[in-house]
Amino acid sequence: MDYLEIEGGHKLKGNVVISGAKNSALAVIGATILSDKKIVLKNLPNVVDIRTMLKLLTMLGAKVEHNDTEAIVDCSTINSTKAVYEIVAQMRASILVLGPLLSRFKECSVSLPGGCAIGQRPIDLHIKAVEALGANVELKEGYVVATAPSSGLNGNKIIFDKITVGGTENALMAAAMANGVTEIINAAKEPEITQLAQMIDMGGAKVEGIGTSRLTVHGTNGKALEFKEPIEIIPDRIEAGTYLCVGAITNSEITLDRVNIEHIQTSINKLEEMGCSFELAENSITFKPASNLKGVNIVTTEYPGFPTDMQAQFMAVATIASSESLIEERLFENRFMHVSELNRLGSDIWLKGNTAAVRPVKELNGATVMATDLRASSALVIAALAAKGTTKIKRIYHLDRGYDRLEDKLSKLGAKIVRKRD
Ligand code: UD1
C-alpha cells in the first residue's frame, strides 16, 4: 500500500495553482444526467472521487471521455438507473445521482452510501426531499428504491429542518425536470450549491434565489436540460485553505493562484486572528506567515461560516501556536479522528465532547501515523511538514480521493515529500 514519507522542518516558497473543487465537480457530474446532449466539463480536479463518479455514469450507460482536467459526458445513452453497491460504497457522494435519475427517468435504485467514516451521515433528508416531490421511496436489500409518478415528479415545497449540502443538491436536481415550481427552504448556500444552481438555470430550469437559503426552481415538465457552454468547475476552497495552513505551519510565504478569495474568507479571517497576513490580487492571494503564531477559537458551521472541511487542518496549525486554541465541531459527530494521530506527532490535544482544546507544544516530532479520512489526512501532512525528522503517513488513499497532485504541488514549494510503497 502507498504511503507518504515527509521530512519536516523545511521552509517553503513559491506558487500553487488551485485545482477545481472536488465537491462542486461531483454535483456537476451528477447533474449531467439531466441532459441528453454532450456536455464538456473543464477544470476537474484529477482525483479518485471524480474518476469514481465518472465510472458510475459509465456504469449507468453514459459515454464518458476523460482526460486529466477535462471530460466530455454524454448521458443520452443511459440505459440503467441502478447505482450499484460496489461503486457507491467507495464514495458517499454517489447518492447525488438519486435526484437527477429520478427526475429524468422517473425511477432509480441507489445503494446506501459509504465514504468517509466521519459520523453516521444518514440520507434521510435526501429521501424526504424527493418524497416531497411525489416520489415513493422504499429501502430494499440495502438499496434506496425510488419511483416517481408516471407523469413525473411534481414541484412542491421542500423544507429542510437541517441544512444539508448533498440534500440541497439532490433537491435541486430532482426539481429541475419536475412539473411546476419547487421551493427549497433552508437550503445550503455553499459555493458548490451556487455552481450547481447556475448550471441548472443555464440548462433551462430557471432557478431564483441563487446564493440564498430559499431556492425556487421552475421545473421543465419533463424536458431534458441543455447545457450549451462548457462548464468550468470553480476553484477548490478547501484545497486553497489547506495550502494556507501549509504556509502557516511552515512559516513560509506561499502564493495561491486561481483561487476565489470570497470562498476562503473565513480561513483568511482565522489566520489573520492567528497573526498571519495576506496580499490580495485578482484570483490570487499571497500568504505571509505570523511572527508569533497565536491560538485561535473555531466553531465549524455551514457556509459562509467556518467549514468543517478545514477543521482538521487548522487544528494541525494550532498545535504549534503560542497559546491555546479551542475548536468546536458542530456538523459531524465523529470528526476528530486526527486528534490521536496528531498527538502521536507530539501535539497536546484534549477532547471533551465535540470540542478540542489544543495546548501549544514547542515542536512536533516525526512518527508513523495513519490517515483516517480525507481532511484528517491533510492535517497529518500539514503537521508532518513542520515536525522534526521523518513522518510516514499510511492509508493515503483517503488523500488521493480529494487532493489533486498533492506531492507535486508540495514538492514544487520545496517540501521533502515522497510517495513510497510498503
Ligand atoms: C458535504 C461535503 C463534505 C462537507 C459537508 C459539510 C460533498 C461531496 N461533501 O457533505 O465535504 O464536509 O458537505 O459541509 O459535497 N445529514 C442528515 N441527514 C441527511 C443528510 C445530512 O442528518 O440526509 C446531516 C449530516 O450527518 C451532517 C449534516 O447533516 O451532520 C451536514 O451534512 P451534509 O451537508 O449533508 O454533508 P454532505 O453533503 O454529506
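Both ligands and their constituent atoms are indexed starting at 1 by order of listing.
- Within the structure, ligand 1 has R335 among the residues with a heavy atom less than 4.0 angstrom away.
- Remark: E407 engages R419 in a salt bridge, criterion side-chain N to carboxylate O under 4.0 Å.
- The shortest N/O to N/O separation between L125 and ligand 1 falls below 3.5 Å.
- The nearest non-hydrogen atom to atom 19 (C) of ligand 1, considering only S24, P122, A27, comes from P122.
- Taking distance alone, with nitrogen or oxygen atoms compared against 3.5 Å, K22 stays at or beyond that limit from ligand 1.
- R344 contributes a side-chain N or O that, together with a main-chain N or O of T368, makes up a donor-acceptor pair within less than 3.5 Å.
- P235 approaches I18 most closely through the heavy-atom pair CB-CG2, 4.3 Å.
- Applying the 6.0 Å contact sphere to CE of M370 captures no more than 12 heavy atoms from other residues, nucleotides or ligands.
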Please list every donor-acceptor pair under 3.5 Å in which a side-chain atom of residues 143-160 meets a protein atom from a residue at least two apart or in another chain.
from	atom 1	to	atom 2	distance (Å)
Y143	OH	Y85	N	2.9
N154	OD1	N179	ND2	3.0
N156	ND2	A132	O	2.8

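- Heavy-atom minimum distance, T372 versus S377: N-OG, 4.2 Å.
- Considering backbone and side-chain N/O of G166, one or more are found under 3.5 Å from N/O of ligand 1.
- Neither the backbone nor the side chain of E333 has any atom closer than 4.0 Å to an atom of ligand 1 (non-hydrogen atoms only).
- Considering backbone and side-chain atoms together, D124 places an N or O closer than 3.5 Å to an N or O of ligand 1.
- The shortest heavy-atom distance from E169 to ligand 1 is not under 4.0 Å.
- Close contacts of ligand 1 with N23, meaning ligand atoms under 4.0 Å from a residue heavy atom, involve 2 (C), 3 (C), 7 (C), 8 (C), 9 (N), 11 (O), 15 (O).
- Of the residues listed (R395, R421, K394, K392), the one engaging D2 in a salt bridge (charged side-chain N to carboxylate O under 4.0 Å, His left out) is R421, and it is the only one.
- If you number the atoms of ligand 1 from 1 as listed, the ones under 4.0 Å from a heavy atom of L331 come out as 27 (C), 30 (O).
- Taking 4.0 Å as the cut-off, H126 counts as a neighbour of ligand 1 on heavy-atom distance.
- Applying the 4.0 Å criterion to heavy atoms of T308 picks out, from ligand 1, the atoms 6 (C), 12 (O), 14 (O).
- Between E190 and ligand 1, a contact under 3.5 Å exists for no N or O pair.
- Near I123, meaning under 4.0 Å from any of its heavy atoms, are these atoms of ligand 1: 19 (C), 23 (O).
- Those atoms of ligand 1 with a heavy atom of R92 less than 4.0 angstrom away are 39 (O).
- Contacts between K162 and ligand 1, counted as non-hydrogen atom pairs separated by less than 4.0 Å, involve the side chain only.
- Between Q311 and T300, the side chains place no donor N or O within less than 3.5 Å of an acceptor N or O (distance only, hydrogens not considered).
- Nearest heavy-atom pair, S325 versus G295, reported as atom, atom and distance to 0.1 Å: OG-CA, 3.3 Å.
- Under 4.0 angstrom from ligand 1, the non-hydrogen atoms of T164 come from both its backbone and its side chain.
- Look at K42 and E232 and you find no salt bridge, because none of the NZ, NE, NH1 or NH2 atoms lies under 4.0 Å from a carboxylate O.
- Of all atoms in ligand 1, numbered sequentially from 1 with element shown, those under 4.0 Å from a heavy atom of D309 are 3 (C), 4 (C), 11 (O), 12 (O).
- Salt bridge present: R237 and E192 bring a charged side-chain N and a carboxylate O closer than 4.0 Å.
- Contacts between V165 and ligand 1, counted as non-hydrogen atom pairs separated by less than 4.0 Å, involve both the backbone and the side chain.
- Nearest heavy-atom pair across E324 and A357 is OE2-CB, 3.8 Å.
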